[in-house]
Amino acid sequence: MAKLPVREDGWEQALLVRVREMLADTAARHSLRLEWSEDAPVELSCTLPQQPGLDFELWFAFSHDELTLGTTGDAWFADIFPLDDPEAWQRTCDAVDGLITGESRVLLYRAIGRKNGYWSALQLRQGNRWRNISTGIGCAFPPVIRQTILRNGHAKATGHARPAWGSLLLLILLAGLAARYLL
């Protein structure tokens with residue numbers, strides 16, 4: 001695999017080559033079909049369709065120094081950057097491989113009654129713990145949520161309904177500000 005480029009002339013092209021090689025090598029190592037999209041408005045776009053060995057479709061988009069990845073059906077995505085940082089690069093390689101092997105998972109939080117998640121976390125297993133690689137953020141309304149765990153090779157697991165404490169605090173803060181300045 002190509003080494004990490006240094007930020008000088010041509011570094012973006014060198015990083016693009018490195019990302020393309022990483023995705024192609026990962027697909028080949030796991031005997032998965034990778035489909036490239038040449039007409040996307042980003043430097044690189046491809047999909048690992050759902051297939052034997054992969055329970056869900058994964059899509060990837062690379063632009064500048066950031067890789068965005070996600071699934072279509074469960075409507076989550078994660079951004080990892082800057083990819084020219086050695087630690088971020090290794091986390092990215094481990095997370096992409098882990099999404100196939102089951103050593104990575106996605107925690108998707110949905111407000112009760114909502115189809116799409118408002119918050120997600122891409123996690124990589126390290127020993128007996130899960131480490132966040134990328135997290136999204138949002139506000140759940142209504143502020144009652146249910147967590148779904150997406151992990152290749154495992155059935156989707158859905159947790160019990162519980163309060164979204166961060167969303168509740170934000171809504172209380174906004175209500176207090178509205179009351180103070182609008183009344």
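Positions are given from 1 along the sequence.
In terms of heavy atoms, Cys93 sits closest to Met22 at SG-CG, 3.7 Å. Closest non-hydrogen pair, Asp79 versus Phe77, comes out as OD2-CE1, 3.7 Å. The shortest non-hydrogen separation linking Asp55 to Gly153 is OD2-N, 2.6 Å. Across Val42 and Ser45, no two heavy atoms sit closer than the pair CG2-CB, 4.0 Å. Of all heavy-atom pairs spanning Leu48 and Ala27, the tightest one is CD2-CB, 3.9 Å. Ala140 approaches Ser167 most closely through the heavy-atom pair N-OG, 2.7 Å.
Rounded to the nearest 0.5 angstrom, Leu177 CG and Ile172 CD1 are separated by 12.0 Å. Trp119 CH2 to Gln147 CD: the interatomic distance, rounded to the nearest 0.5 Å, is 8.0 Å. The distance from the CD atom of Gln123 to the CG atom of Leu150 is 11.5 Å, given to the nearest 0.5 Å. Interatomic distance, Ser134 OG to Leu69 CG, rounded to the nearest 0.5 Å: 7.5 Å. Note: Ile112 CD1 to Ile145 CD1 = 8.5 Å, rounded to the nearest 0.5 Å. From Glu38, atom CD reaches atom CG of Leu44 across 8.0 Å, with rounding to the nearest 0.5 Å.
Side-chain N or O atoms of Glu103 include none that pairs as donor or acceptor with a backbone N or O of Leu124 at under 3.5 Å. Here the side chain of Trp89 pairs no donor or acceptor atom with the backbone of Leu83 at under 3.5 angstrom. A donor-acceptor pair under 3.5 Å is absent between the side-chain atoms of Asp65 and the main chain of Phe81, judged by distance alone. Asn152 places a side-chain N or O within donor-acceptor distance of the main-chain N or O of Gly53, the cut-off being under 3.5 Å.
At a threshold of 4.5 Å between side-chain heavy atoms, the hydrophobic network of Ile, Leu, Val, Met, Phe, Trp and Tyr places Leu173 and Trp165 in two separate groups. A single hydrophobic cluster is not seen to contain both Val144 and Tyr118; linkage of ILVMFWY side chains at heavy-atom distances under 4.5 Å, directly or through other members, places them apart. Hydrophobic clustering of Ile, Leu, Val, Met, Phe, Trp and Tyr side chains at less than 4.5 Å, counting indirect connections, keeps Trp130 apart from Ile80. No path of Ile, Leu, Val, Met, Phe, Trp and Tyr side chains, each step under 4.5 Å between heavy atoms, connects Leu108 with Trp59, placing them in separate hydrophobic clusters.
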Point to revise | Stepwise side chain to side chain contact (heavy atoms under 4.5 Å, CB included) test for Lys156 and Asp74 | key: CA-CA 11 Å; Lys156 273 187 191 177; Asp74 291 297; 2.6 Å; yes

Exercise for review: Show the numbers, then the answer: is there a side chain to side chain contact (heavy atoms under 4.5 Å, CB included) between His64 and Glu12?
Suggested key: CA-CA 6 Å; His64 190 57; Glu12 287 176 316; 2.2 Å; yes

Exercise for review: Take Val106 and Leu99 through the side chain to side chain contact (heavy atoms under 4.5 Å, CB included) test and state the conclusion after the steps.
Suggested key: CA-CA 9 Å; Val106 176; Leu99 284 167; 4.2 Å; yes

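A salt bridge is defined here as a Lys NZ or Arg NE, NH1 or NH2 lying under 4.0 Å from an Asp or Glu carboxylate O, and Asp85 with Arg91 fails to meet this definition.
The side chain to side chain contact (heavy atoms under 4.5 Å, CB included) test applied to Leu174 returns Leu170, not counting sequence neighbours. Every side chain to side chain contact (heavy atoms under 4.5 Å, CB included) that Ala95 has, sequence neighbours left out, goes to Ser104, Leu122, Ile133.
Side chains of Thr158 and Arg146: a donor-acceptor N/O pair is absent below 3.5 angstrom, by distance only.
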For a quick test of your reading: what N or O donor-acceptor pairs under 3.5 Å do the side chains of residues 29-36 make, sequence neighbours left out?
unit_1 : atom_1 : unit_2 : atom_2 : d
Arg29  : NH2    : Asp97  : OD1    : 2.8
His30  : NE2    : Asp97  : OD1    : 2.5
Arg33  : NE     : Glu35  : OE2    : 3.1
Arg33  : NH2    : Glu35  : OE2    : 3.4

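Put simply, the side chain of Phe60 does not reach to within 4.5 Å of the side chain of Val19, judged on heavy atoms.
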